[in-house]
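For reference, the structure discussed in these notes is given below.
These numbers were taken from a predicted model, which means no experiment stands behind them. We name chains A, B, ... by the order of the sequence lines, and we start the count at 1 in each one.
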Protein chains: 2
Amino acid sequence: MATIRDVAKLAGVSVATISRYLNKTGYVNVDTEHKIKKAIETLKYEPSSVARGLAGKQTKTIALILPDISNPFFPELARAVEDVASTYGYTVIFGNSDDQGVKERTYIELLKKKYIDGIIFASNTLNRDDAVQMNQSGIPIVCLDRGPDNHSCSVVRSKNREGAQLAVQHLLAAGCRKIAHIYGPMDLITAQERMKGYEDAVKSLPWFSPSLMVSGNFQINGGMKATEQLLHTHPDIDGIFAGNDLMAVGALKALHRMQILVPQQVKVCGFDGIQMAEITEPELTTVAQPIYEMGATVSRLLIKKIEGNLDTNEIYELDVTLIPRRSTQKGVHL
Amino acid sequence: MATIRDVAKLAGVSVATISRYLNKTGYVNVDTEHKIKKAIETLKYEPSSVARGLAGKQTKTIALILPDISNPFFPELARAVEDVASTYGYTVIFGNSDDQGVKERTYIELLKKKYIDGIIFASNTLNRDDAVQMNQSGIPIVCLDRGPDNHSCSVVRSKNREGAQLAVQHLLAAGCRKIAHIYGPMDLITAQERMKGYEDAVKSLPWFSPSLMVSGNFQINGGMKATEQLLHTHPDIDGIFAGNDLMAVGALKALHRMQILVPQQVKVCGFDGIQMAEITEPELTTVAQPIYEMGATVSRLLIKKIEGNLDTNEIYELDVTLIPRRSTQKGVHL
DNA sequence: GTCGAATGTGGTACCGGTTACACATAAAAT
DNA sequence: ATTTTATGTGTAACCGGTACCACATTCGAC
């Protein structure tokens with residue numbers, strides 16, 4: 001591999017000039033420019049990013065820390081992040097935290113040493129202390145879904161509470177008269193917000209009882225268990241709003257096993273809008289988050305921060321959309 | 001951030017000694033060791049990976065280039081790759097190639113400049129020339145599924161042809177007497193091999209006709225279209241072997257729309273073993289590849305190569321497993 | 001005719017590590 | 001007692017860029 005000094009020698013100029021030429025910083029005569037261009041070509045010279053990183057403290061690399069890439073919500077997000085990152089010339093390192101604070105912190109250490117330019121956290125265990133520490137160590141971060149409290153970093157999320165209300169209203173409009181909710185892990189803000197939205201919508205209705213809310217783990221099996229439990233204690237429910245699509249899929253499975261017809265006997269609505277929701281039988285109604293857009297936004301935001309075009313911490317709340325499908329279809333009779 | 005020279009000063013020794021201590025290369029007196037340890041702690045010193053990279057040409061970073069992380073096959077693979085990479089102290093950069101050679105080559109350029117230690121290609125457009133070039137430029141690469149011809153790099157794949165035979169035999173055993181095949185893009189080795197496996201198993205059977213093989217795009221919609229076409233030309237087929245799970249899911253959808261019962265009228269079998277196959281209705285029989293294991297293997301292999309414990313290029317063919325589910329259940333009558 | 005700005009280029013310290021080499025001393029071998 | 005050998009440490013060049021500063025030259029302005 002040729003170095004900048006090789007190029008300088010061949011072109012008959014100094015390394016400083018080459019550097020200026022490469023970075024378009026400072027003057028370079030047109031003739032010189034041509035000579036340099038030719039030298040670079042004949043040597044097949046490619047400037048070393050590592051050397052640049054060392055000298056300039058910018059690596060054109062960002063990191064994406066998420067709980068688990070194999071959770072169906074994240075691939076699309078990751079795709080969006082990578083798409084915009086690469087558009088702006090950034091590479092992305094990814095890591096799975098399994099929502100464990102330790103792993104997150106280990107990553108942060110690692111990434112600092114690598115002079116990473118910024119970090120996107122799609123993870124929920126990052127706490128305020130960490131965020132503050134990051135801030136003062138000068139590494140821009142942006143969070144997804146959860147802000148480590150108000151203003152220690154920018155946050156991109158969607159309107160979870162509103163979305164949950166939407167879901168319940170949709171179920172009501174579809175004819176449901178007793179709607180249960182399967183909520184996710186309470187340490188996740190998203191799960192909390194969705195539960196609040198559910199409560200907003202049902203608390204004043206005559207049939208409401210807190211025992212209509214059962215916990216799940218945001219996974220398929222959690223949705224199944226919760227559904228079984230639910231139909232055991234409340235055999236008369238006719239609607240289930242699950243805190244995310246995976247649990248809704250679980251609910252569908254459980255109901256199918258119990259030979260309860262969807263949507264005839266029980267209607268089911270999920271939240272997230274993952275691809276999987278389109279292939280269940282019946283297809284799953286869901287409150288779709290703009291997953292790709294969220295990823296793109298968070299990525300763009302981080303890059304803005306990195307390049308110094310943004311120094312305030314803001315919260316972006318993206319709109320959700322209810323996608324009605326067969327699982328909540330009205331007026332389908334037995 | 002403290003540098004190695006700060007530590008040296010504080011500990012009262014030279015930078016060389018610090019370096020030796022850090023890398024456990026060469027002798028360091030125990031007393032000195034303690035002094036260094038203390039100095040490092042008080043300064044909260046963390047060696048810069050970038051500087052190390054420049055000096056030592058090793059960045060402890062690998063890249064994973066795949067067609068599209070949002071294709072359900074890849075997240076689990078990515079997870080595996082990252083898991084073992086991080087175990088060995090490596091970070092992973094990921095990129096989406098969309099199976100476009102241009103994008104791949106762009107990545108390669110980028111990664112070279114970053115002194116990446118090695119690359120995993122899960123992509124199929126890498127050709128022999130590229131691989132050879134990589135080899136001589138000293139960057140170890142390992143491929144998934146597709147080797148750019150025999151021995152220019154190591155390859156990890158699963159027994160596609162054998163798996164396809166398995167699928168057809170299973171369908172036959174389940175009572176099918178006319179089995180169609182939806183094959184994937186012919187520029188993908190995997191698709192070719194699976195088709196060959198199908199042919200192996202059916203070519204000598206009386207009912208076989210080449211028109212029973214139709215093409216799909218490895219996506220859900222391709223599976224749907226192919227199925228519609230198939231049932232139009234051959235209304236009497238009673239088994240479909242799809243080249244991958246996504247297309248099988250599409251087949252399921254299409255059959256459902258045509259009101260054809262699965263498995264009563266037509267049985268369907270997929271290939272891959274993605275999570276989605278478990279949540280269809282009926283659940284999808286599939287030839288499961290050991291996805292996680294493939295990722296882990298390819299990752300381990302690459303690291304071995306990087307660390308110089310492997311200089312031959314080998315092919316690892318992992319076993320597939322047929323997972324029988326409802327979509328091919330025998331003896332379910334109308 | 002002089003001056004200041006614009007244009008163009010080179011020298012070199014610096015980023016923060018690694019490592020070859022030189023040198024010193026203590027322990028073991030002959 | 002002398003030569004090896006093992007142990008321990010420092011100096012400084014090097015990895016491949018960036019960027020500050022110094023220095024020339026040209027040119028329009030006053």
Side-chain angles (χ1 to χ4, degrees), chain A residues 1-37 39-40 43-61 89 109-117 137-138, chain B residues 1-37 39-40 43-61 89 109-117 137-138:
Chain A
M1 272 259 106
T3 77
I4 198 173
R5 285 168 231 269
D6 299 330
V7 178
K9 200 167 294 173
L10 184 59
V13 294
S14 75
V15 295
T17 305
I18 310 289
S19 179
R20 273 191 301 262
Y21 164 80
L22 289 171
N23 305 294
K24 313 206 179 311
T25 148
Y27 302 107
V28 174
N29 184 286
V30 273
D31 295 348
T32 324
E33 206 166 310
H34 286 135
K35 280 189 290 181
I36 295 178
K37 217 174 268 178
I40 288 181
L43 290 174
K44 291 191 206 309
Y45 167 72
E46 296 278 358
S48 150
S49 306
V50 178
R52 275 200 171 145
L54 182 57
K57 309 267 167 279
Q58 283 246 332
T59 52
K60 284 279 188 179
T61 307
E109 284 314 308
L110 204 73
L111 297 172
K112 261 200 223 163
K113 294 194 213 171
K114 288 190 180 257
Y115 294 173
I116 222 76
D117 293 335
S137 82
Chain B
M1 272 259 105
T3 78
I4 199 174
R5 285 169 232 266
D6 299 331
V7 177
K9 201 167 295 173
L10 184 58
V13 295
S14 75
V15 296
T17 306
I18 309 288
S19 180
R20 274 189 298 260
Y21 165 79
L22 290 170
N23 304 295
K24 311 204 180 313
T25 149
Y27 301 107
V28 174
N29 184 286
V30 273
D31 295 347
T32 323
E33 206 166 310
H34 286 134
K35 281 189 289 182
I36 296 178
K37 216 173 268 177
I40 288 181
L43 291 174
K44 290 191 207 311
Y45 167 72
E46 296 277 358
S48 150
S49 306
V50 178
R52 274 200 172 145
L54 181 57
K57 306 268 168 278
Q58 282 247 330
T59 52
K60 284 279 186 179
T61 307
E109 284 315 308
L110 205 72
L111 297 171
K112 259 199 225 164
K113 295 193 213 170
K114 287 191 180 259
Y115 295 172
I116 223 78
D117 293 334
S137 81

Neighbours of DNA chain C within residues 51-60 of chain A, by heavy-atom distance under 4.0 Å: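 Under 4.0 Å from DNA chain C: A:Leu54, A:Ala55, A:Lys57.
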Members of residues 10-25 of chain A that approach DNA chain C, where some heavy atom sits under 4.0 Å away: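 Under 4.0 Å from DNA chain C: A:Gly12, A:Val13, A:Ser14, A:Val15, A:Ala16, A:Thr17, A:Arg20.
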What's the separation between atom [atom1] in [X] and atom [atom2] in [Y], rounded to the nearest 0.5 Å?
X        : Y        : atom1 : atom2 : answer
B:Ile36  : B:Leu10  : CD1   : CG    : 11.0 Å
B:Leu22  : B:Ile40  : CG    : CD1   : 5.0 Å
B:Lys37  : B:Tyr45  : NZ    : OH    : 16.0 Å
A:Leu110 : B:Ser49  : CG    : OG    : 6.5 Å
A:Leu43  : A:Met1   : CG    : CE    : 10.0 Å
B:Glu46  : A:Glu109 : CD    : CD    : 5.0 Å

Counterpart residues, side chain to side chain contact (heavy atoms under 4.5 Å, CB included), relative to B:Thr59 (two or more places apart):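 Testing B:Thr59 for side chain to side chain contact (heavy atoms under 4.5 Å, CB included), a comparison that skips the adjacent residues, returns A:Val50, B:Thr61, B:Tyr115, B:Asp117.
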Minimum heavy-atom distance A:Val28-A:Thr32, with the two atoms named: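 Nearest heavy atoms, A:Val28 then A:Thr32: CG1-CB, 4.1 Å.
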Exercise: identify the closest heavy-atom pair between B:Ser14 and B:Ala8: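 Reported closest heavy-atom pair: C-CB, 3.8 Å.
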Sugar-phosphate only, base, or nothing, as touched by B:Thr32 at under 4.0 Å among non-hydrogen atoms: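 Result for B:Thr32 = sugar-phosphate.
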Axis deviation across the helix from C:dG1-D:dC30 to C:dT30-D:dA1, five-pair ends, to the nearest 10°: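 Answer for the end axes of this duplex: 40°.
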Terminal contacting nucleotides, 5' and 3', DNA chain D versus chain B (heavy atom, 4.0 Å):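 With heavy atoms of chain B under 4.0 Å away, the range is D:dA6 to D:dG16.
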NZ/B:Lys9: more than 12 non-hydrogen atoms of other groups inside 6.0 Å: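 No, not enclosed.
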Residue whose nearest DNA chain D nucleotide is more 5′ - B:Arg5 or A:Pro47: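 Per heavy-atom nearest nucleotide, the more 5' residue is B:Arg5.
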Span of DNA chain C in contact with chain A (heavy atoms, under 4.0 Å):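 Under 4.0 Å from chain A, the extent on DNA chain C is C:dA6 to C:dG16.
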A:Pro47 side chain near A:Arg52 side chain, heavy-atom distance below 4.5 Å: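 Yes, close enough: below the 4.5 Å cut-off.
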Position toward the 5' end of DNA chain C (nearest nucleotide), B:Glu46 or A:Glu33: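 That would be A:Glu33.
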Check against side chain to side chain contact (heavy atoms under 4.5 Å, CB included), B:Arg20 and B:Tyr27: CA-CA 7 Å; B:Arg20 274 189 298 260; B:Tyr27 301 107; over 6 Å; no
